[in-house]
Student: 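Dropping a structure here in structure tokens format, bear with me for questions.
The chains referred to below are lettered A, B, ... by the order of the sequence lines, with proteins before strands, and numbering in each begins at 1.
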Amino acid sequence: MADLLAIEQKWQKKWLDEKIFEPNVDKKKKKYFVAIPYPYTNAPFHIGHGRTYATSDIFARYRRMSGLNVIWPMAYHVTGTPVLATSAKIESGDEDTKKLFREYIKLHTKNDKKVEEILKSFVNPEAVMSYFSKTFYADFNSLGCSIDWRRQFTTNDKDYNKFIEWQFKTLHKMGYIKKGEFPVLFCQRCGNAVGVDDIKNGDQIKPEVQEWYLWKFPYEDGFIVCATLRPETIYGVTNLWINPDGNYAKVQVDNEIWYIGQKAAEKLRTQKAKVFVKDVFLGKEIVGENCKSPVTGKKIPIFVGTFVEPQAGSGIVYSVPAHAPFDYAALKDVQRKGIAADIEPIVIIKVEGYSEAPAVEAYNKYGIKSQNELEKLNKATEEVYKAEFYSGTLNERCGKFAGKKILEVKDAVVEHFVKEKVLDKLYEVNALEKPVKCRCGEEVTVSVLKDQWFIDYGNKEWKEKARKCLRQMEIVPESSRKLFEDTIEWLHEKPVARKRGLGTKLPMDPSWIIESLSDSTIYMAFYTVVNHIRNNGLKPEQLTENFWNYVLLSKGKETDVEKETGIPKKLLLKMKEEFEYWYPVDLRHTGNAHLSNHLTFYIFNHAAIFPEKHWPRTISMLDMLIKDGKKMSKSLGNVIPLAEVPQRYTTDLFRLYIAYGADLSSVMDFKEADVLALKSKIHQFFNLVISAKKGKTVKPCSINKWIVSRFNTNVLEATKAIESYNPRLYVQHAFFNVLNDVLYYQRRHTDETLLVKEIFPEWVKLLAPVMPHLSEELWEHLGGKGFVSLASWPKSDKKRIDSTIEASEELVSNTTADISEIIKLVGHAAQKITIFVADEWKSKLMAVVADMVEKGKRDFREIMTELMKDEAMKKHAEDIAKIIPRLLRDVKKINANAMGAKKEKELLEEAKEFLKEEFKAKIEIAAEHESREQKARQAMPGKPALLIS
RNA sequence: GCGGGGGUAGCCAAGCGGUCAAAGGUGCUAGGUUCAGGGCCUAGUCUCUUAGUGAGUUCGAGGGUUCGAAUCCCUUCCCCCGCACCA
């Protein structure tokens, strides 16, 4: 058995040695830029990464063979906190971390002493980065990836920093970067913002920032503050509800006095500049008093509401009885006690399908009797809110907002009244389970960060540009487009910088570091020039704003830039030329997990900075990879490192399995048993090609025409599949279908000359994208010139695709199958097999019926009449009358392409030897009418009758 | 909650108005093979029937459109993913 691993290593070395994947600007050739997200350097690759990279390589190799000048560069992402965290943990002697990384290192290093040395060096983040970039390089190569390695860099390199600074200055000038307040989940003890990962059971309890709106109702020396999620209902307020036994406080908040729940006052401490409790009181102490509506100035009384939770929101709620079932229920309760008799629900929302006041209607419908019937009230509330939200419109009582749809009015209301200083916000930690605690044990709060830097994906013009960019792009799979559209819509201000981590300093404010999702959006442009920067020893300070403006945006004059930076004009021109040749990115291929962040940012940032001609072309995505039905995870111990792939399976086998195992758009379940089952197919293929014998001449015969036709069909289909980013279908045609055809061909025909001379060289090329190593080896064996990786993609010759000949062979193979079946039923081997070919009139019959059914005529009499117009058919009238109903009942039995009795007989005669061999029996072929056998009458076009004896 | 994707034979997974009892793989069964080493080939694998081209019931469930539906429409149940400051 051939040593496939050795073959693979041999070719990987040759590819690198001969630098065949290092393309240069060639204006005669169309370029194709493949840019796969650079990997993050704090853990080794596993086979999940392998799925992304193997499929990328298939696309890159295909494009290269189809004549494009393909470039696929690669770099390393190191910005952010994870690498720092790793180093910190190693330094602190964290045994779990050490153990984990020791295992990682062992994947590439056998020597134990060396392993420990490397591990020790990891206290330095630089060492972690450089170590993983080296192993990544090795892994990419051992996967056979056709990468141009001249352009590698890390995102912490000085020149890269300069590039990112330029990007952010540019965005800042456009007004897309701004400063503002921002609420975050925060741990007071750690003094840090906390993400889901930093929170105990964070992934399960799903902590989030809940935003409450606070309406300020003027009262005495300040305001009574009510929390709501529906600020637009303010016009319908009749009174306030307060829990009589709840703890409340008179609080100084900045320069105002607020009357609010004590718990709320605590929450405000981390959200407002100044919060000072002046006095405390129980809810009942202000029951019966009045405040004023902040929008109408109307008198608003305060009543007892036992349903009010003092800890939630501000601990005081306002009542909108017309639209909130809870409020109406509470109102009825107090009215029963003879209080508030004069209060009537104020209707402010018009809702389709509801009477005047939806809450009143729901209250009656559910038969609610008190504010304590939580279950019914919650149901009623949900129903009313939904209806109001989707089909409600504010009515004439709502001032300048009258006539607006609820769906659209909220933001406008908020914006207006925040300006009027009667509406404010309160943030609260919300989660499926409370309290929410940091890993350190401290309870998580919401803090409002002042002076936070944002990137404003909410900007209207920018969104419009992003939409336009998306519209022009090809999205694979197309079904994901909607998700992109939605993401573009909901994205808004995103914090763009942090205080911690590696990365580029924000040029507007160097105390901040640009966060790592934001520094990786347009870096593909950097690939096009980084080799020149490095080869010419350009210094970071030479890479000024004007330099980038000139090279990447064609702004300014080279002489001016030369003067400013000292970079020779010639070099500037060269870099600009290179950028303009390679840009835009043609293909970005990555996991669909990146859709709602990275990939959408990629679109946004390109749309902002570059002119339309440099906007990205195609994004293709793939789903994740799981192993034997389970997610791969360290804790399950089922992670297969990519570094083990060559030894464990051989690379081409892995690639074939990855490409074939699942559609890109679905989750791939990696089953080792299936991979190994495929192994035999690869060996079969390899041996088939390598041991085929070549004769001198090819004798024309129909089976030869058949294999040529079939092969051309498969080339056509395989090409279509790979063009539409479907590796699975490509492999099915290029590998499995061709293999099956060749095997069948060999049964039918012993001479292999045609295969060796015409089919195999093309087949090997066809397989080169998915199995590049074996293809190179076989290409060489077959006498191909140069590398198959650089050979031209097989062309499908449509003239040689002959559906008649394929159908003819189907007659033979179907007949073979039928014979086997009957032999099996008979239970003994056949001595003589008689094949009766259907008479000519049956073919005519088929043609006529097919034609009529095609035209929508399926009436028995009509068809019969049509057939009887033909004199020759009349004598078969009785048979015809039996056949037609059968055909009509089951349209697929109509053989519209019947080739005729004569042709059928010829073909079977030609296959006589084959059948004889196959069944070791005497074969006789006869026309239906030549025989008296009853069986003979069963013959139909394309389906001869059989008699076995 | 909002948004997206999906439910196909023992399992995985294609198909997305007729050529569909439904590709391919895997599992299982039978036969063959000068086949020792996780081979290879052929056939079968919803039910019944039959010396094959026959009948019935299937593609989460229930309705509908159509001469015809796994494929289109409606209702319903179930599963997965995203909702950010985290790479």
Student: Checking all strands, does L947(A) fall into the base, sugar-phosphate, or nothing category for heavy-atom contacts under 4.0 angstrom?
Tutor: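 The residue L947(A) makes base contact.
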Student: At 4.0 Å (heavy atoms only), tell me whether L491(A) reaches a base, stays on the sugar-phosphate, or touches nothing.
Tutor: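 Base: the residue L491(A), judged by heavy atoms under 4.0 Å, touches a nucleobase.
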Student: To the nearest Å, how far apart are N737(A) CG and A23(B) C1'?
Tutor: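 So the CG-C1' distance, N737(A) to A23(B), works out to 9 Å.
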Student: Start at the 5' end of RNA chain B and walk down; is the nucleotide closest to N597(A) or to K482(A) reached first?
Tutor: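 Closest to the 5' end, via its nearest nucleotide, is K482(A).
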Student: Below 4.0 angstrom from OP1 or OP2 of C41(B), is there any side-chain N or O of Q746(A)?
Tutor: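 No, Q746(A) has no side-chain N/O under 4.0 Å of OP1/OP2 on C41(B).
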Student: What nucleic acid atoms does P82(A) come within less than 4.0 Å of, heavy atoms only: base, sugar-phosphate, or nothing?
Tutor: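 Sugar-phosphate only.
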Student: Between Y660(A) and F736(A), does the ring centre distance come in under 6.0 Å?
Tutor: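 Yes, the ring centres sit under 6.0 Å apart.
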Student: Give the rounded distance in Å between these two atoms: CD of E672(A) and C1' of G27(B).
Tutor: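 It works out to 18 Å between those atoms.
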Student: Counting just side-chain N and O atoms, does S480(A) come under 4.0 Å of either OP1 or OP2 of G4(B)?
Tutor: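 Looking at the OP1 and OP2 atoms of G4(B), neither is under 4.0 Å from any side-chain N or O of S480(A).
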Student: Give me the distance, rounded to whole Å, that separates U66(B) from G44(B) when you measure between the P atoms they each carry.
Tutor: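 These two P atoms come out 39 Å apart once rounded.
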Student: Ignoring backbone atoms, test whether S518(A) places a side-chain nitrogen or oxygen under 4.0 Å from the OP1 or OP2 oxygen of A87(B).
Tutor: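 Answer is no, no contact under 4.0 Å.
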Student: Determine: side-chain N/O of R498(A) to OP1/OP2 of C86(B), distance under 4.0 Å, yes or no.
Tutor: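 So the side chain of R498(A) is within the cut-off, an N or O lying under 4.0 Å from OP1 or OP2 of C86(B).
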Student: With C1' as the reference atom in both, quote the distance from C59(B) to G17(B) in angstrom, rounded to an integer.
Tutor: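 Between the two C1' atoms, the distance is 15 Å.
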Student: What's L676(A) touching, base or sugar-phosphate or nothing? Going by heavy atoms closer than 4.0 Å.
Tutor: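 Base, at least one base atom sits under 4.0 Å.
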Student: Quickly work out the Q452(A) CD to C85(B) C1' distance and round it to whole Å.
Tutor: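 These atoms are roughly 8 Å apart.
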Student: Over how many whole Å does the gap from L506(A) atom CG to C85(B) atom P extend?
Tutor: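 Atom-to-atom, L506(A) to C85(B), this comes out as 19 Å.
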Student: Is the distance between the ring centroids of Y657(A) and F670(A) under 6.0 Å?
Tutor: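 Distance test on ring centres: under 6.0 Å, yes.
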Student: Please confirm whether F136(A) and F45(A) have ring centers closer than 6.0 angstrom.
Tutor: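 Centroid distance F136(A)-F45(A): below 6.0 Å, so yes.
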Student: Touch check for I819(A), heavy atoms < 4.0 angstrom, all strands: base, sugar-phosphate only, or nothing?
Tutor: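 No contact.
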Student: Relative to the 5' end of RNA chain B, which residue comes earlier, Q684(A) or G80(A), by the nucleotide with the nearest heavy atom?
Tutor: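 The 5'-side residue here is Q684(A).
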Student: Is the phosphate of A84(B), meaning OP1 or OP2, less than 4.0 Å from a side-chain N or O of S596(A)?
Tutor: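 Result: no.
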Student: Please give the distance between the C1' atoms of U57(B) and C74(B) as a whole number of Å.
Tutor: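 Their C1' atoms lie roughly 25 Å apart.
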Student: Is there a side-chain contact between D509(A) and W453(A), using heavy atoms and a 4.5 Å cut-off?
Tutor: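 Yes. Closest side-chain heavy atoms under 4.5 Å.
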Student: Rounding to a whole Å, what distance do you find between D486(A):CG and A84(B):C1'?
Tutor: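 After rounding, the gap between these two atoms is 15 Å.
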Student: Take W212(A) and Y427(A), measure what ring pair (Phe, Tyr, Trp, His ring centres under 6.0 Å) needs, and give me the verdict at the end.
Tutor: CA-CA 6 Å; W212(A) 289 99; Y427(A) 302 100; over 10 Å; no
Student: Round to the nearest Å and state the distance from N592(A) atom CG to C81(B) atom C1'.
Tutor: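 Distance check: N592(A) CG to C81(B) C1' gives 8 Å.
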